[in-house]
Asker: 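Let me begin by handing over the structure; questions about it come next.
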Amino acid sequence: MLVWLNGARGAAKSATARELLSLLPGSTLYDPRLVGSGLRGMLPPHRLARVADCRELPAWRRLVVDTAAALLSEVSGPLVTPMTLLRQEHRDEIFGGLAARRVPVRHFLLDADEAILRARVMARAGVRADTAAADAALGRHLDAYRQARAWLAGDAHTVDTGALTPRQAAEHIATALDAGAGACAIVQTPEPTAETVAAGVLLFDEQDRVLLVDPTYKPGWEFPGGVVERGEAPARAGVREVAEELGLRLPEPPRLLVVDWEPPKPPGFGGLRLLFDGGLLAEKAARELLLPSAELRGWRFAGEREAAGLLPPARLARLRWALRARERGRPLNLEAGVPVG
């Protein structure tokens, strides 16, 4: 198990983590900042110059997951991890990767009034923080925390540390852990070990907008669908996934729109990605969609322009060509999102 202590600067995450170690037998401190330090020592300067923070590096997020799994093969656990995560897509990628490795996560948000957070940071930094630049940087961080707090409060068990010592906060967390608080119910999608075939289904509303879903276990929005199982027809896999994810029964196998070969890009293996036309989803049927909370947190209809702000680039390219194929009435063959032949 991994106990993730989230929160803004000044929330006393590290101090609370140290106190928590004495309350959880066999626990080990796992500080992902050490992963960031290692990357900063190995990556060339021109790569580091492109990011403001190590958390923006895909390699950091992968290594955080891999290192946690490796540590848990050496120690009994749990791991106590004090680390700020304010971007939901980073949370999805890291927690989803841990779930894929069968590592359960307990997520706690250490919260306090912004005035308290600011005072703690300034007191800790001393005269070094008594500059306009330092104050502005802290202000930007607190702005980001304020914006993230809505999804954080819905995802994590919140502990108000404003009037608590780190020891008291740790005791509160230990009690909450015993009661099962902070559990993140995320679908445990096994990591692929070879190329895969995946089938997605596009469902449209009366305005020709496409249905997108928001997975809990990976960043970015997605189409309903999933990996084709051994011996399963891809179109039937799409029908099965729509039923499992949305509680929706398609009357017949959907029509193929695109076949896209996704090249391997470590650590991914790539494979074939198929998109099918699931047809019109009536307004009444859309209101009755049932989402598995461990897999999907939400859904929405989006036009092509709106989808550009939600989908990762590879999925967006696939969608755009699928819409063209639907208009033309014939499927398209893609390689890395580009038509061939």
Side-chain angles (χ1 to χ4, degrees), residues 2 4-9 13-14 29-72 79 81-101 103 105 121 125 128-129 131 133-134 136-145 147-148 151-152 189 191-196 215 217-222 260-271 273 308-318 335-338:
L2 188 147
W4 195 288
L5 305 186
N6 207 342
R9 296 173 191 165
K13 298 183 298 297
S14 295
L29 181 67
Y30 171 39
D31 190 348
R33 289 179 300 181
L34 298 177
V35 176
S37 298
L39 279 174
R40 282 193 294 271
M42 291 183 285
L43 287 174
H46 73 270
R47 178 66 184 96
L48 292 171
R50 299 207 300 266
V51 299
D53 186 280
C54 274
R55 280 164 285 209
E56 298 176 21
L57 292 167
W60 180 84
R61 300 191 294 276
R62 289 199 298 269
L63 285 172
V64 166
V65 173
D66 292 341
T67 305
L71 274 175
L72 286 171
L79 302 182
T81 304
M83 173 55 64
T84 300
L85 277 184
L86 300 184
R87 290 178 57 176
Q88 194 170 25
E89 62 268 29
H90 291 172
R91 173 266 185 219
D92 293 348
E93 186 173 349
I94 293 171
F95 287 14
L98 290 167
R101 289 162 176 77
V103 178
V105 177
V121 171
R128 292 172 300 165
T131 66
L138 178 57
R140 288 192 296 271
H141 173 75
L142 291 177
D143 286 343
Y145 175 67
Q147 294 171 14
W151 76 260
L152 281 170
T189 303
E191 289 287 311
T193 57
E195 291 186 349
T196 56
Y217 56 92
K218 63 180 176 180
W221 289 67
E222 180 62 284
D260 187 14
W261 176 73
E262 184 177 280
K265 184 178 180 181
F269 291 89
R273 309 292 179 250
L310 299 171
L311 294 171
R315 293 176 212 158
L316 177 61
R318 207 168 292 142
E335 291 183 1
V338 179

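The residues of the chain are indexed from 1 along the displayed sequence. Side chains included, hydrogens not; waters and symmetry mates left out as well; all remaining heavy atoms used.
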Asker: Atom CZ of Arg91 and atom CH2 of Trp151: how far apart are they, to the nearest 0.5 Å?
Answerer: 6.5 Å
Asker: Once you round to the nearest 0.5 Å, how far does OG1 of Thr193 lie from CZ of Phe269?
Answerer: 6.0 Å
Asker: For the residue pair Asp260 and Ala336, what are the closest heavy atoms and their distance?
Answerer: OD1-N, 3.2 Å
Asker: Give a yes or no on whether a salt bridge exists between Lys218 and Glu93, defined as a side-chain N under 4.0 angstrom from a carboxylate O.
Answerer: no
Asker: Test Val121 against His141 for side chain to side chain contact (heavy atoms under 4.5 Å, CB included), laying out the working first.
Answerer: CA-CA 11 Å; Val121 171; His141 173 75; over 6 Å; no
Asker: If you measure from CG on Leu2 to CG on Leu98, what distance do you get to the nearest 0.5 Å?
Answerer: 6.0 Å
Asker: Would you say that Arg273 contacts Thr196 through its side chain, given a criterion of any heavy-atom pair below 4.5 Å between the two side chains?
Answerer: yes
Asker: So does Ala8 get a backbone contact from the side chain of Lys13, meaning a donor-acceptor N/O pair under 3.5 Å?
Answerer: yes
Asker: Without swapping roles, check the side chain of Tyr30 against the backbone of Val64 for a donor-acceptor pair under 3.5 Å.
Answerer: yes
Asker: I'd like to know if the side chain of Arg315 reaches the main chain of Trp221, judged simply by a donor and an acceptor atom lying under 3.5 Å from each other, with no hydrogens or angles considered.
Answerer: yes
Asker: Once you round to the nearest 0.5 Å, how far does CG of Asp31 lie from OG1 of Thr81?
Answerer: 8.0 Å
Asker: Any side-chain heavy atom of Asp66 sitting closer than 4.5 Å to one from Arg101?
Answerer: yes
Asker: Does the distance from a Lys or Arg side-chain N to an Asp or Glu carboxylate O, for Glu262 and Arg318, drop under 4.0 Å?
Answerer: yes
Asker: Show the nearest heavy-atom pair for residues Arg33 and Ser14, with the distance to one decimal.
Answerer: NH2-OG, 3.6 Å
Asker: Which heavy atom of Pro215 sits nearest to which heavy atom of Gly220, and what is that distance?
Answerer: CD-O, 3.2 Å
Asker: If you apply the rule side chain to side chain contact (heavy atoms under 4.5 Å, CB included), what do you find for Phe95 with Val65, and how did you get there?
Answerer: CA-CA 8 Å; Phe95 287 14; Val65 173; over 6 Å; no
Asker: With sequence neighbours left out, write down each residue that passes side chain to side chain donor-acceptor pair (under 3.5 Å) with Arg47, or none if nothing qualifies.
Answerer: none
Asker: Evaluate the side chain to side chain contact (heavy atoms under 4.5 Å, CB included) criterion for residues Asn6 and Leu152: first the C-alpha distance (whole Å), next the side-chain angles of each, then the deciding distance (0.1 Å), finally the verdict.
Answerer: CA-CA 9 Å; Asn6 207 342; Leu152 281 170; 3.3 Å; yes
Asker: Taking all non-hydrogen atoms of both residues, which atom of Ala317 and which atom of Gly337 are closest, and how far apart?
Answerer: CB-O, 4.2 Å
Asker: Return the CG to CG distance between Leu39 and Leu34, rounded to the nearest 0.5 Å.
Answerer: 11.5 Å
Asker: Taking all non-hydrogen atoms of both residues into account, name the closest pair between Leu79 and Ala68 and its distance.
Answerer: CD1-O, 3.7 Å
Asker: Minimum heavy-atom separation for Val105 to Trp4, with atom names?
Answerer: CG1-CB, 4.5 Å
Asker: For residues 53-60, run the donor-acceptor check on the side chains, cut-off 3.5 Å, and write out each pair with its distance to 0.1 Å, sequence neighbours left out.
Answerer:
unit_1	atom_1	unit_2	atom_2	d
Asp53	OD1	Arg55	N	2.7
Asp53	OD1	Arg55	NE	2.8
Asp53	OD2	Arg55	NH2	2.9
Arg55	NH1	Thr84	O	2.8
Trp60	NE1	Pro32	O	3.3

Asker: Rounded to the nearest 0.5 Å, what separation is found between the CG atom of Leu43 and the CG atom of Leu48?
Answerer: 5.0 Å
